[in-house]
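Only one structure is covered here, and it is reproduced in the block below.
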Amino acid sequence: MKRSNDTLPHPSDVLRTLAEFDNPENPEVEGEGEEFWEGDEEDESRFIYYFLLSHIAVQLRDKIPRGTHVKGSIPYSRAFTGKDIVSTIQTLIQRDLAINYNMSTNDRRVALQIARSLQGQLFFFEVEWGGRILQDGVEDVFIFYDEQEGGSDAIFEREELPTGVVTMLTRCYSPSCADGGSEGPPCYAFSCPKRRTNIILSGLTTTTETLIEEKKDSWTEGIDSSVLDALPKKEVERQSIIHQLINKEEQYIQDLDTVESMFIKALRAADASVIPPEQLEEFIDDVFGNILDLRECNRRLLEVLYVRQREQGPIIQKIGDIFLNAAVEFRLAYPTYIGHHFNAEKRLKDEIENNGNFRFFIEEQTRKAGRQGDSVRMDLKHLLNRPSDHLQKYPVLLEAVLEKTEEENPDAEFLREATETIKSLHSFAQLRTFQAAMGKGTPGKWEWHDLVAPELMKSLPKKEVKRQAVIFELIKGEMAYVKDLENIKIMYVDPLRAANPPIIPKHRLDQFIDDVFHNYYELYEHHRRLMEKLHEIQREEHPRVTTITAAMFDAALNFRDTYLEYIPNYPIAAYRIDDEMANNPAFKAFVEACTRHPDAHRLDMKNFINRPIPRLLRYELLLKDIMHNAAEGHDDHADIPNVIEAIKSLGKETEPGVQDAKTKVELWRYNANLVFKHGEAFDMDLLDEKRQLVHSGKLLRQPDGGLEWSGWSELFVLLFDNYLVMTKPKEKDGVMKYMVYRRPIPLDLLTLVNFTDPPTQRGAGLLRGLRGGERSEAVNSSVSPESAVDSRYVCPMTLHHNGRAGGPYILYAETSQSRTEWQGKLAHALAMHKAVQESNKVFEVETLSADTFLIPSMATAASGPAWNQDNAFTGRVTCSVPFNTPDGRNLVAVGCAEGVWIGFRHDPRSLRRVLHLRQVTQCAMLEEFGIFLVLADKSLFAYHIEALVPSAPQMAHQNVPQKLNGNKDVHFFSVGTLHGRTLIVYMKKKNMDSIFRVLEPVGDKINERVKAPVGLGSRLGFRSTKSEWFRVYRDFFLPSESYDLIFLKARIAILCAKGFEIMDLNDFNSVTIPQREDPRLSHLAKRCESCRPMGMFRSSDDEFLLCYDEFGVYVDKHGDPSRSASAGTIEWEGTAERVALHHPYILLFDSRFIEVRHIETGRLAQIIPGNEIRCIWDGRGVGTNLSIPAPVSEDMGQEAQVHAVMTSSEQSPVGGPRAKAIAQCVFELIPTVPLYPPVPPPKVEQHHLPPPLTSNSSFYAPSVSMASTHPSHYPHPSNSWRS
């Protein structure tokens, strides 16, 4: 029965009505539940079961798109194709298939089976009532059975719907299994759908393959023979070619389906041993590329061909327009695939060769594919090459169709355009192949003419052909350059980092990679972007590129800074490579192996890191060539010079950096190749970043003996900014070594003496010696200028080394110009070094007293007595010590030949003599006990500090001094702390033995009030020899001459003729260091025996520096040398008369200068010159322990820990007209920069302290006369030296 569209509802409308059914008896419920049902009122799918064929039929009828389709030149309205049916059903059931069977939404086999079931029940029919089974394609047109007679607006209602059950869409009747979806194993039910999944899917596959085979038939089948006879032979041949073309397209798509089903899907389902899961998708992308996109393009093409065949069949009038449109779509997919195909083949080949499991998998899949067709055709390599072959066949087939097409046929023009478009597409695909090859294989060697049709080349002017070839060469060179930069990472950086065992030690690896490869990856990123831009221009404009100037100019501006950093680093990189290869066999083997890499082109590492430099020069040449071949009026004539200038400026701006790097490398090379004499080593700090080589060249020196066969010595002299080094070059194993001829001269100790002597004539070597060893004769001052450059004459220059092993050096330059140059360079180096040292000096001299301590000049001393009431001579300053009094006064005591002076630390005018003692040699302060110790005339005295600098007048008479020894036989004493005890050790000499007494202060006795003096000794101010303030702690002797004693952490160290005697005071067990029993240390033993020990200091946790008067040696805690023979010994520049420590520096006192060295490296840090310099306080005291690193505090790093004295070079009048005096400048050494990190100061409460004394105030009680009660050596301001 026929109904209008207004009165007949759709089946879906009926279901929706049921879903919206209202309950008329209970309207309140409707209102209350309105909000609850709001979200589900449109959910009609709750009442649809897709496993019922009738439900699918209803949904299909509602949702399938209808339209007008033509078949056999007849239009059919409200029609649809087989593809429309399958697509609509697929959208209905794909969710259930994905849940129950985990099937892809692109798998349409189930939908096709359901569509055929509906066709079998005549739910719809083919318009020509053909007997063909429904296909998932557009070849056939269908109409619903009930709509065949109606108009376009009519919808017919079918009384009976198709019936049946789609078993694949049914769920298991077990609720737990059905609710679990596709996850998990099948349940207990025998007919559980999960058990039958594979069986059902395999059955679908067989059916589909059978149907594909059924489609292969001839175009003439079904056509009346009379019609065929009426057609011209040419048209029959044309239709045969068109039909052949369609068959080839079908076969091509089938091959691409095989690639997906037999290889891509099989790979994803294969065992993990074939391809690791983490690499699988990357491998599929590398090998198969976008081959599935090609399949979709050709499927659409085939569909359009089917539609044209359906509409115009059996005689197809036009196909040219179809292929012309397809060529436009092909351009988006085919060049990408074909361009990538070269790399895909290489990736596949490498995997087959290196992966046995994958090779077996490919062979197995090839055999399976061979059962369906030709085994050779189904080979994977053949299948991957099918798109390229297929694309090349299109022009041949289309030209064949065109040949059989009449000229008046409109399709002829379309065929011509389609043929040309596809040919250009093939050329474009070749371009993509060239770009993807990146210089590898045959495609990488293609030139511009290989990718361009000969017809086009003939149509262009010769200059334009040359211009295009040069542009292509630039792009090709850029690709090779980018590949080389990438290979730096692939061939060198990554393998070096991943090497196990490491090729370069881990602690040096990062620095080595940075030094050698530096910022190469930034270069790679810049040029990769430039290459991609050039490729883009090629793809858009090929085969005739308009210009690349803008891209080059933009790149030149962007990579400018990167090249400014990279190019100056090249000399450093080259040196690092050479140095590592010379010293690291594993690295040398690695580099040689990399040179044999196929991508290395037999180039070594240095060639790779040098690639950026010639590349810039190449740009300039190519751009000039492009400009010269450009047509008149082309923009390149104006733009390319700007690009060339931007690139050329890089070379100019990097020259200073390159020169600096070469200088640095030269320094490194000299540092590595300077060879010292056996047992000698000098750390000249040549690897410092700021170090400079000021000058170098050849100078001559006369032999000392005069009987040398070689005559004059030829020296190669190196002038650094800190040392002057004389060497003799000698080549060894292809490397130039520089044998150090004399000890390197620090510029601090170098004096330029004479550069004005006239040229002298060289002697004749041995003959000169036979003449009595005469020196070369000076040329008469009137000699002509020409003789000054004569090779027989040399120009002398005199230098003086002020160090211990120094003296005058007379060197000879070969020309006066050379001598003048050396003079200028030496003067410049000295001035520069002085300026640098002044701004970077470690210690600053701060004067404590400049004119208080005077000694008579030589003339004054010879003319009269050394001392009288009227003069102010104090005698030679010998010692000093800073200390703090209990009331907070910061004082310093200075000992001289004529007594002891005490004053404020930084107020020279406050110094007053407090003790009139002769020959004071040592003093020390025990601040905890308030005791001041003085060694004068070999007698050791102890004074209470209140007696010397009383804090109040009434305190001045509390105590009298004590003498700690009997006879005048004390040579030295030392104070320190051991096991928590404050100890005083003094040494007396008996014959060649050293006798030591260890005293410990008794605090209770020291603080007792003085009792009435008894006896003559008490009246003279001395107590009995047995001191009440100190008790004897230990007595011991050492059968050797001793010079000093140092307190260590738990032991003492005695500096004696044997060396360093380390002794335990508890049991007197001792050991002498350094150990000398090892025969390998015989040279060191001889040096130690011939030198005097001066000090012992801890340089690190497990290492000590033993200082002798000429050298220092590092030893471990067992006394064995801890470093190599060359690095473990430091030769002093002077002769150390005293050694002091201000951590982290040691100070060595020569009479002419103070030598400051870093204690850990031994490196010379500063030279402080002076006249008759002596150390008068080395920082030792009760609170110091030279064996323990000093703790960090807020101000200790800046506190002076060393005092010294030097004599002034000027003489000042003191008394009468003939009395002249020489001032002794007492000073302390203050660090110029913090030696320790700052520590926040602790918060302390403010306590009341006595007011500080001014420069004119006194620190004793002047109002109390002590002349009648104290001995002559007791302090009093009115006491004279003779009283």
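Worth saying up front: this structure is predicted, and the values here are computed from it rather than measured.
Aromatic rings from Y334 and F428 are positioned such that their centres are separated by 6.0 Å or more. Ring centroid separation for the pair F263 and F288 does not come in under the 6.0 Å cut-off. The aromatic ring centroids of F125 and F142 lie 6.0 Å or more from each other.
Ring geometry, Y252 versus H390: the interplanar angle falls under 30°, so the pair is classed parallel (tilted spans 30 to 60°). Between F51 and Y49, the two ring planes are tilted [angle within 30° to 60°].
Of all the heavy atoms in L256 and L294, the pair that sits closest is CD1-C, 4.3 Å. Of all heavy-atom pairs between K234 and E403, the closest is CE-O, 3.2 Å. The minimum heavy-atom distance linking R432 with T336 is given by the pair NH2-OG1, 3.6 Å.
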Starting from the C-alpha separation in whole Å, work towards a yes-or-no answer on salt bridge (Lys or Arg N to Asp or Glu O under 4.0 Å) for K71 and D140.
-> CA-CA 8 Å; K71 185 169 185 182; D140 298 319; 3.1 Å; yes

Derivation of the ring pair (Phe, Tyr, Trp, His ring centres under 6.0 Å) call for F80 and F144 | CA-CA 9 Å; F80 41 86; F144 285 113; 4.8 Å; yes

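Between D257 and R299 there is a salt bridge, since a side-chain N of the basic residue sits under 4.0 Å from a carboxylate O of the acidic one. A salt bridge links K423 and E399; the closest N-O separation between the charged side-chain nitrogens and carboxylate oxygens is under 4.0 Å.
Counting only distance, with no hydrogens or angles, the side chain of Q90 and the backbone of D107 share a donor-acceptor pair below 3.5 Å.
Of the listed residues (E345, E282, R347), just one forms a side-chain contact (heavy atoms from CB on, under 4.5 Å) with V287, and that residue is R347.
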